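Order of the sequence lines fixes the chain letters, A, B, ..., with proteins taken first and strands second; residue numbering starts at 1 for each chain. As the structure is a prediction and not an experimental result, all values here were calculated from the model.
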Amino acid sequence: MDLFPQFLANGLVMGVFYALSALGLTLIFGLMRVVNFAHGEFYMLGGVSGWFVTNHLGLDFFSGLIVVAASMAAVGWLVDRFLIERVRGQGEEPGILLTIGLSIFLVNGTLLLVGPAPMKVAGAVAEGPLFFGPVAVTKLRLLAVAVGIALIVGAHLLIRRTRLGAAMRATFQDPMAASLAGIRTGHVYAATFALGCTLAALSGMLLASIYSAQASVGGLISLKSFVVVILGGMGSFAGAIAGGLLLGVAEAMWGGYVSMGMVDVIGFVLVILILLFRPQGLFSIRTERA
Amino acid sequence: MRNVVLGGLLLTGIAASVPAQAQDTVRIGLVQPLTGSVAYNGKSVVEGARLAVEEMNAAGGVLGKKIELIVEDGQCTPANSVNAVEKLVQKDKVVTLVGAFCSSATAAIMPVAQKYKLPLITGVSSKASLTEQGNPYFFRAAETDALMAEAFAKILANDLKLTKVAYIGVNDDWGRGGVEEFSRDLTALGVKTVLTEYFDHGATDFFTLLTKLRAARPDGVFVAAETQDGSILVKQIREMGLDTKVFGVGSWATADFINLTGEAAEGIHAAVPYASSMDTPRNQTFVQKYEAKYGIKPGKYGAAGYNALNIAGQAIARAGGTDAEAIRAALAKTSYEAPNGVYKFTDKGQAYGFDAVLVRIEKGAPKVIASTPVDAPH
């Protein structure tokens, strides 16, 4: 029982990380109805470009974070204008194929440019342990949790409280009515996709400073993010947080009290249970599409 | 990667226009993980292999022809490695196979090599049982976990004054094999096992595992992991504030591991068949050439690729033709002078005679603290 506080702390930290990395997906998946299989690759690009700006351009961590955010927003905007735009309104399958293709392209492009070696992103603070009673964490993890929470709150406010956010919600409720009301829906789609990409990339860079960045991490991130989004309910920020924390704590407890080797199974067991008993997810109110 | 893609395109063109028999090169197929969590180590093998091929071609090639190395991505998974071998055999008509890094993947391609009656050499896969399957086409130019454990268990137990050890391995045949062999030999020396855990390839967060480790209070941790997983694990051991001694198997004595792990790497021990600081003239030349070509000192896997290709090339030269049976017979009579000693094969295809070393990482460099020749298994 004395291990419980540490397991819980590990689970909560991982939970925030999962929520953070799933945020971009829940936005794009939930609002735009694009099943973005390239999500993990945007996360990976965030880590790799984070390594590039801190290691090669010599920026400190936070300036690097801003540069990465800006450039990934641009990438997201372009991807939407030139690729997603072409399959919009044609149902989900073309989007799935497109993003799968995009993910293959991004992984191999990255392998070609920087190779498969794991890369280290210099963190913002030192890596030593901090002790709260029996619980050990690191400053870097606490910082990442703090930045993660700030990003989640920021994205929430952006969508709920700003004109752009209102335009987004209007566009995804009824694109026709929105464009009749004078909203430039093309820009709103692109802005939403750019925001999703930026969130994915920021979490990628943040977590790369704790673990490492590598060209082929994307697949696992995509899978876990889909688990979080399905648990929490599509398009719901509260759901992403709840789903992330649930997954993180469940994995920590299973790994702690049962076995580490099977830990990746937990997420999928949870998904099966959720789909059986509450298919709309924990937090989604809508059960059908608008 | 680019070479692979270009090579693939070129080959498609060649295969369409020229009948396969009219090869003007001797083709050797290499299956390694080029994507996934051990991709980085797979790439090192490919680098070493290319260097060996380059050297042999510069010396005139074999059978009066150049050697052509065809690399395929097996992703360390059994299914993809089998696909890669099928492609190399069916389409590229290679005369010898080298691969496939992960023991589980190698175990899967062994029957395929036997089906096509092609010699298969691995420079890496170390699960002991591979050479016990009676596959006459399989040769292992690498140490096994059992041989490493036998060679170093005693030195480790005495030097590190181990009494209670925790074992952590990656969840595959190699990791499980390493943990089993070392725990058996250390237990025989009176060292208690307090924890055995496995994690999946590509895992990034080990805090839960390390919480259990902290509770078990071992005075040594044995780790079987490759560069990426291993460096993150060792870093997090220190982040948790644990100061247990860490020792293990995997590609630990490499510049990249040390660079990724940073200060946390100081003082850890690794049992490896090769370290760039080994003190033989042949090794010094090898390190020099490797560094000139790739800008980095070779590690365990660079040397493994280099050795496996040299063994293959020399066997083809001695066979005097590309007949698979002749190459197999020549391989069995191998006596290859590697940077790390002389490789010979037992009847079962297990290499012996080369040196293995125990290194300690000090001030960011692997320092050899014990060296012992690997004996034939008995």
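- Between B:Thr208 and the choices A:Tyr257, A:Trp254, A:Phe7, the side chain to side chain contact (heavy atoms under 4.5 Å, CB included) rule is met once, by A:Phe7.
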Checklist entry - B:Lys235 and A:Tyr211: side-chain contact (heavy atoms from CB on, under 4.5 Å), yes or no, with the steps? => result CA-CA 9 Å; B:Lys235 236 166 76 176; A:Tyr211 309 123; over 6 Å; no
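- In terms of non-hydrogen atom pairs under 4.5 Å with chain B, the most contact-rich of A:Ser216, A:Ala136, A:Pro118, A:Gly11 is A:Pro118.
- Taking each heavy atom of B:Lys212 and A:Gly256 in turn, the nearest pair found is CE-O, 2.7 Å.
- Taking the charged nitrogens against the carboxylate oxygens, B:Asp256 and A:Lys120 have no contact shorter than 4.0 Å, which rules out a salt bridge.
- Scored by the side chain to side chain donor-acceptor pair (under 3.5 Å) test, A:Ser21 finds no partners at all (sequence neighbours excluded).
- For a residue to count as touching a neighbouring chain, one of its non-hydrogen atoms must lie under 4.5 Å from one of that chain's; by this rule A:Ala252 touches chain B with backbone and side chain alike.
- For A:Phe131, the part sitting under 4.5 Å from any heavy atom of chain B is the side chain, from C-beta outward, and nothing else.
- Proximity to chain A is absent for every atom of B:Asn41, based on heavy atoms less than 4.5 angstrom apart.
- With rounding to the nearest 0.5 Å, the separation of CG in A:Leu207 from OG1 in B:Thr204 is 8.0 Å.
- Residues A:Lys139 and B:Glu239 fail the side-chain proximity criterion, which asks for heavy atoms closer than 4.5 Å.
- Within the 4.5 Å cutoff, side-chain heavy atoms of B:Phe207 are placed close to those of A:Arg141.
- Under the salt bridge (Lys or Arg N to Asp or Glu O under 4.0 Å) criterion, the residue pairs touching residues 207-224 of chain A are A:Lys224-A:Glu251, A:Lys224-A:Asp264, with sequence neighbours excluded.
- Only the backbone of A:Met119 comes within less than 4.5 Å of a heavy atom in chain B; its side chain stays farther off.
- For B:Gln236, the part lying near chain A is the side chain, with the backbone staying farther off; criterion is any non-hydrogen pair under 4.5 Å.
- Of the listed residues (B:Leu260, B:Leu210, B:Thr227, B:Ile232), the one with the most heavy-atom contacts under 4.5 Å to chain A is B:Leu260.
- Across B:Thr35 and A:Leu111, no two heavy atoms sit closer than the pair CG2-CD1, 3.3 Å.
- With sequence neighbours excluded, the residues satisfying disulfide bond (SG atoms under 2.5 Å apart) with B:Cys76 are B:Cys102.
- Of all the heavy atoms in A:Pro116 and B:Tyr40, the pair that sits closest is O-CB, 3.9 Å.
- Using a 4.5 Å cut-off between heavy atoms, B:Gln228 touches chain A through backbone and side chain atoms alike.
- Note that OG1 of A:Thr138 is 15.5 Å distant from CZ of B:Arg238, once rounded to the nearest 0.5 Å.
- The number of heavy atoms from other shown groups lying within 6.0 Å of NZ (B:Lys293) is above 12.
- By number of non-hydrogen pairs under 4.5 angstrom with chain A, the leading residue of B:Asp200, B:Asn259, B:Asn171 is B:Asp200.
- Other residues, nucleotides and ligands contribute more than 12 heavy atoms inside 6.0 Å of the CD atom of B:Glu266.
- Taking OG1 from B:Thr211 and CG from A:Asn10, the interatomic distance works out to 4.0 Å, rounded to the nearest 0.5 Å.
- Applying a 4.5 Å heavy-atom cutoff, none of the residues of residues 44-56 of chain A approach chain B.
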